[in-house]
Student: 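Handing you a structure now.
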Amino acid sequence: MNALFPISFFLVSVLFCNSVSAQSTQSPAPSGPTNITGILEKAGQFSTFIKLLKSTQQSDQINNQLNNSNQGQGLTVLAPPDNAFANLKPGTLNSLSDQQKVQLVQFHVLPNFISMSQFQTVSNPLRTQAGNSNAGQFPLNVTTSGSQVNLTTGVVDAVVANTIYTDGQLAVYQVDKVLLPVDLFGSVDAPAPAPAKPVKAVSGSDAPAAASKDTSSDNSGAAEALSYRFAAVVGFMVALALQQ
């Protein structure tokens, strides 16, 4: 019995270890809820867009939509990288009100999942979370050339650079420019007309030569007429004196 005890203990230990090992190789637990800012942080180079998503609370809205079991259409996010924001005119973002910043972010979110191949067949203008897509408000149109997807807002033309993330419910694409909607950036002030050149006063010395020539011609004609009349009077008086 004493000799069999170590062998029995060894067999029990092996069976226990195998049981624990089998439990540890089971399928991992489902990943956590979708987080748009987490996806962008992992991709890198999207700190400005992430800041906008958080400050406008649109990141919470996107996450709630994606993790709501009743949301079946999915979402598409068009994410500009930091260098796209750096290329904007200085002060562009600071000039926007809080509501306008919300609309700017929403303009980069489409209320349904669109794969790269589906861009080939979508209808224009694309609907965005910003609202009305009619001309003069928030139009976003797409054209394709082979595998390249081009976007136009009426203010800027952008290109879908690459796919950051896609899972069949959420698609996140990098765009090379910030999408500026017409409603916020489309009005361009007309340039002020050039001031009219002042009319220079004309002095006697600056008078055109032609005018000076005409004046001297008139004076010469008047003197000639006066001399002719004087000669006629003198001739008449001489003739009268001879007759006497």
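Keep in mind that this is a model prediction, so the values were computed, not measured. Just the heavy atoms: all of them, side chains too, but no hydrogens, waters or symmetry mates, feed the values below.
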Student: Measuring from T92:OG1 to F185:CZ, what's the distance to the nearest 0.5 Å?
Tutor: 6.0 Å

Student: I'd like to know if the side chain of T153 and the backbone of V156 have a donor-acceptor N/O pair within less than 3.5 Å.
Tutor: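 Judged by distance alone, yes, a pair lies under 3.5 Å.
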
Student: Could you check whether any side-chain heavy atom of L66 comes within less than 4.5 Å of a side-chain heavy atom of Q169, counting everything from C-beta outward?
Tutor: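 Yes, at least one pair of side-chain atoms sits under 4.5 Å.
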
Student: Taking atom types as modelled and ignoring hydrogens, do the side chains of D98 and Q100 form a donor-acceptor contact shorter than 3.5 angstrom?
Tutor: no

Student: Would you mind reporting whether V175 and V159 have side-chain heavy atoms less than 4.5 Å apart?
Tutor: no

Student: Take atom CD of Q45 as the centre, draw a 6.0 Å sphere, and report whether it contains more than 12 heavy atoms from other residues, nucleotides or ligands.
Tutor: no

Student: Determine, step by step, whether T166 and V172 satisfy the side chain to side chain contact (heavy atoms under 4.5 Å, CB included) criterion, reporting the C-alpha distance in whole Å, the side-chain angles of both residues, the deciding distance to 0.1 Å, and the verdict.
Tutor: CA-CA 6 Å; T166 181; V172 183; over 6 Å; no

Student: Is the backbone N or O of Y165 less than 3.5 Å from a side-chain atom of Y173, with the two atoms forming a donor-acceptor pair by type?
Tutor: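 Judged by distance alone, no pair lies under 3.5 Å.
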
Student: Could you see if V142 belongs to whatever hydrophobic cluster contains F138? Use Ile, Leu, Val, Met, Phe, Trp, Tyr and a side-chain cutoff under 4.5 Å.
Tutor: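 Shared cluster, yes.
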
Student: Any chain of hydrophobic side-chain contacts (each under 4.5 Å) joining F107 to F119?
Tutor: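 Yes; F119 is reachable from F107 via cluster members.
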
Student: Might you work through the salt bridge (Lys or Arg N to Asp or Glu O under 4.0 Å) test for K51 and E41, ending with a clear yes or no?
Tutor: CA-CA 11 Å; K51 183 178 178 181; E41 285 172 354; over 6 Å; no

Student: Rounded to the nearest 0.5 Å, how far does CG of N68 lie from CG of N63?
Tutor: 12.0 Å

Student: Does Q61 reach the main-chain N or O of Q58 with its side chain, forming a donor-acceptor pair under 3.5 Å?
Tutor: no

Student: If only side-chain N and O atoms count, and only distance matters, is there a donor-acceptor pair under 3.5 Å linking T152 with D157?
Tutor: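 There is such a pair (donor and acceptor under 3.5 Å, judged by atom type) between the side chains of D157 and T152.
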
Student: For the residue pair V155 and L179, establish whether any side-chain heavy-atom pair is separated by less than 4.5 Å.
Tutor: no

Student: Just by distance, do the side chain of Q120 and the backbone of G146 share a donor-acceptor pair under 3.5 Å?
Tutor: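 Pair found, side chain donor or acceptor close to backbone of G146.
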
Student: For residues L40 and L52: do they belong to one hydrophobic cluster (side chain heavy atoms under 4.5 Å, members Ile, Leu, Val, Met, Phe, Trp, Tyr)?
Tutor: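 Yes, one cluster joins them.
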
Student: Sub-3.5 Å donor-acceptor pair from the side chain of N64 to the main-chain atoms of D60, do we have one?
Tutor: yes

Student: Without placing hydrogens or testing angles, list every side-chain donor-acceptor pair under 3.5 Å for residues 74-91, not counting sequence neighbours.
Tutor:
residue	atom	partner	partner atom	Å
T76	OG1	N112	O	2.7
T76	OG1	I114	N	2.8
D82	OD1	S47	N	3.0
D82	OD1	S47	OG	3.2
D82	OD1	T48	N	2.9
D82	OD1	T48	OG1	3.3
D82	OD2	S47	N	3.4
D82	OD2	S47	OG	2.9
N87	ND2	N83	O	3.1

Student: Applying a strict under-4.5 Å side-chain criterion to I, L, V, M, F, W and Y, I'd like to know whether F113 and L126 cluster together.
Tutor: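 No; tracing contacts between hydrophobic side chains, which count when under 4.5 Å, never links both residues.
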
Student: For a 4.5 angstrom cut-off between non-hydrogen side-chain atoms, does R127 reach L110?
Tutor: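 They are not in side-chain contact.
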
Student: Does the side chain of Q65 come under 3.5 Å of the side chain of Q73 through a donor N or O and an acceptor N or O?
Tutor: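 Checked: Q65/Q73 side chains show no N/O donor-acceptor pair below 3.5 Å.
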
